[in-house]
Amino acid sequence: MTASSPSLLQGLNPEQLAAVTWPPQSALVLAGAGSGKTRVLTTRIAWLLQTGQVGVHGILAVTFTNKAAKEMQTRLAAMVPVNVRTLWLGTFHGLCHRFLRLHHRDANLPSAFQILDSADQLALIKRLLKSLNIAEEIIAPRSLQGFINAQKEAGLRAGVLDAGPDPYSRRLIECYATYDALCQQEGVVDFAELMLRSYETLQQHAVLRQHYQNRFRHILVDEFQDTNKLQYAWLKLLAGDGAAVFAVGDDDQSIYRFRGAHVGNMTQLMRDFGIDAPVKLEQNYRSDGHILTAANAVIAHNSERLGKNLRTDAADGEKIRFLQAADDESEALFVSDEARSLEREGWDLRQIAVLYRSNAQSRVLEQALFQRGIPYKIYGGLRFYERQEIKHALAYLRLMVNPHDDNALLRVINVPARGIGSRSVENLQAAAADAGTSLWQAACALAPKQAKIAAFVRLVENLHSHIGHGSLEDWVKSAIVESGLPDYYRNQKGEHQERLDNLEELVHAAQAFKPQESAFEVLPENTDDSNPAFPLLAFLSNAALEAGEHQAAGDTPALQLMTVHAAKGLEFDAVFLTGLEEGLFPSEYSLAERDGLAEERRLMYVAITRARKRLYLSMAQQRRLHGQTHFGLASRFVDEIPAAVLHRLSPQGARAHYAEPLPVRRHDSPPAAAPQLAGFAIGQNVRHDKFGTGVIIDGTDKGESARLTINFGKNGIKELDTRFAKLTVV
DNA sequence: CTCTAAGAGATTTTT
DNA sequence: TCTCTTAGAG
């Protein structure tokens with residue numbers, strides 16, 4: 001074995017070095033925000049390879065997002081020469097997809113199975129409910145979708161679910177069973193199915209299981225705190241008795257419980273794999289001291305942590321600025337003005353983020369930024385492969401590979417309009433149901449009698465005939481042109497140019513597409529699967545698994561707007577954390593859930609640790625939400641930040657003054673001219689001996705005194721008379 | 001088929 | 001308040 005080259009381990013701190021050179025045993029690495037997590041993970045792989053402890057063949061490296069997988073791949077390639085084809089590095093779903101392509105027969109799937117994205121899944125569910133004659137008022141399609149996905153992510157099939165006495169649950173379970181049968185019949189798998197089917201296939205086929213258990217000696221997992229129960233079971237099954245699992249994660253950054261993430265997997269891993277204690281990475285290379293102090297202080301309010309405290313060699317830096325704005329509009333204007341000032345001072349707008357708890361908050365911010373002419377970019381819109389025109393084009397491509405894809409057929413049988421209205425489609429569906437065939441077969445049967453359906457059948461047959469000659473790019477071009485989509489969009493009034501551009505872009509994407517994964521390579525053992533449509537199949541799978549960027553990178557510098565969730569894993573020179581109000585952040589919903597507050601606090605921790613140099617916190621005393629005015633108190637999370645690192649800005653002329661420390665001064669007059677309420681006013685913050693601090697949300701003047709409605713946050717909303725209640729203005 | 005109007009629902013989201 | 005979806009009329 002050659003000694004590892006010094007350059008590989010150079011520059012690692014002692015913690016990182018310990019993690020990277022961990023003996024070939026399982027480990028749980030607790031990696032704090034900004035502690036060099038990705039570096040440790042990739043260097044560990046490089047080190048294992050370089051020291052000859054394992055071949056590329058013996059490594060399985062799993063991430064959650066395509067972005068993270070690519071990042072690792074790039075970094076790894078820079079460290080050691082790796083054959084990307086033999087390395088199993090990818091997302092959970094990407095790897096399961098590869099596995100199912102390779103072993104589709106064992107998994108009982110057709111070789112050309114297709115992947116349903118969430119929207120496709122929902123469409124199929126709606127169709128299913130209709131066919132079962134279940135009104136959407138009885139079972140909402142979205143809740144059924146949530147139910148099915150949750151069950152699959154818990155590893156449960158309809159057959160093993162206990163209906164119990166509740167007829168609604170029984171209904172859901174029946175729908176789940178029918179849904180699975182329908183998917184199987186149509187040869188489609190949803191995201192959760194990719195995982196579950198892989199897991200079951202491994203479980204049921206001992207030879208296959210042993211093959212992979214013997215093969216993967218080192219299993220490395222990124223963002224381990226985000227794994228759900230099924231993913232954990234899958235990892236455990238693959239690891240078997242012999243593999244070393246190297247899991248990197250941060251329990252304090254677990255913010256995806258609502259979609260099935262199970263932090264308990266971290267302690268479970270320690271138990272199942274005999275790990276005595278986690279390896280901790282606590283040295284932070286991102287944020288200045290005060291920012292870290294705030295982050296540590298906030299997260300310390302959570303119990304049941306694995307325990308970790310970030311430290312830095314950096315200076316304290318600037319204090320955290322906190323603004324209590326009168327309302328959401330002034331908050332937004334403050335952010336806008338401040339961002340512009342920062343830009344003038346030489347900060348890069350791309351390195352400044354505006355974060356919020358919920359997407360609805362972005363509107364006010366957008367308006368203010370637009371008003372001030374500050375370029376911004378929002379993360380969270382439709383992604384490339386989710387756009388209507390792209391999904392239409394993809395539906396034609398799917399019919400090209402497999403005309404029995406009912407979802408695809410229904411999507412485009414009348415787009416562009418070709419005289420096959422809802423009535424004709426219903427007839428078609430009835431015919432298919434009667435004959436027990438796909439819609440395509442029913443359409444072919446009806447074609448001799450109905451000219452319009454015959455035309456559509458001819459179109460699809462013609463598309464199908466392209467396969468076997470020409471390139472992927474040619475096929476995509478043909479599908480777009482022959483479908484008539486470009487004319488359809490050209491003839492539509494309104495903005496169609498963007499859609500036409502996107503269709504053009506789809507052709508470019510096909511041109512540039514190279515299937516990266518070996519899943520589509522023809523294996524010696526299944527040579528009969530040399531399906532000539534494989535490039536298209538790979539292209540379609542890629543479109544479903546990797547829906548593309550939320551926003552084109554763009555070259556003009558722009559402020560970055562996103563939810564706190566979307567900001568996880570990113571970092572910025574300056575961060576504006578807005579809407580820090582009780583009920584918003586922490587969200588009202590979370591307070592009702594068990595451990596909901598702890599998760600919100602982790603979210604706050606994530607938000608704080610995004611900032612390198614400067615952090616702004618802001619709240620609005622009055623905010624319009626869903627058409628109603630809400631009066632909110634400052635978030636409890638702000639109070640959890642030590643006063644010593646917090647600098648409260650005065651709302652008036654915050655910009656003009658904040659260069660010098662200001663005395664604590666709060667806004668003490670309501671934004672709207674309010675009637676005198678015995679010296680109080682709506683919107684004011686007041687303190688009561690028993691109820692604590694609250695905000696006046698309503699009041700009636702009674703001459704000498706006033707009757708005030710006060711929101712005391714967690715202590716409830718009280719009506720108090722100023723004659724009796726001892727209230728002091730804060 | 002397309003347009004309009006009315007109604008419901010409105011954390012967080014990757015694959 | 002706003003946005004998305006769907007039902008019904010033209």
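Naming: A, B, ... by sequence-line order, numbering from 1 per chain.
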Query raised in the report: Is the NZ or CZ atom of A/Arg259 both under 6.0 Å from the centre of the six-membered ring of A/Tyr256 and within 45° of that ring's axis?
Result: yes

Query raised in the report: Just wondering, do A/Phe92 and B/dT15 stack (centres under 5.5 Å, planes under 30°)?
Result: no

Query raised in the report: Any cation-pi pair here, A/Arg197 with A/Phe113, using under 6.0 Å and within 45°?
Result: no

Requested in this report: Specify the residue among A/Phe258 and A/Glu386 whose closest nucleotide of DNA chain B lies further upstream toward the 5′ end.
Outcome: A/Phe258

Query raised in the report: Any donor and acceptor pair, going by atom type alone, linking the side chain of A/Asp327 with main-chain N or O of A/Arg623 inside 3.5 Å?
Result: no

Query raised in the report: With a 4.0 Å cut-off on heavy atoms, is A/Asn414 in touch with a base, just the backbone sugar-phosphate, or nothing at all?
Result: sugar-phosphate

Report task. Tell me which residues in residues 583-593 of chain A put a heavy atom below 4.0 Å from DNA chain B, sorted by number, or none. Result -> A/Ser587, A/Tyr589, A/Ser590, A/Glu593

Requested in this report: Determine whether any donor atom in the side chain of A/Arg624 lies under 3.5 Å from an acceptor atom in the base of C/dT1, or the reverse, and answer yes or no.
Outcome: no

Query raised in the report: Taking only residues two or more places apart in sequence or in another chain, which ones pass salt bridge (Lys or Arg N to Asp or Glu O under 4.0 Å) with A/Arg610?
Result: none

Report task. Look at A/Arg602 together with A/Asp252 and state whether they make a salt bridge at an N to O cut-off of under 4.0 Å. Result -> no

**Report entry** Name of the residue among A/Phe99, A/Trp234, A/Tyr199 meeting ring pair (Phe, Tyr, Trp, His ring centres under 6.0 Å) with A/Tyr212
**Finding:** A/Phe99

Query raised in the report: How would nucleotides 3-10 of chain C be written as a contact map, 5' to 3', with B for base contact, S for sugar-phosphate-only contact and - for no contact, using protein heavy atoms under 4.0 Å?
Result: ---S----

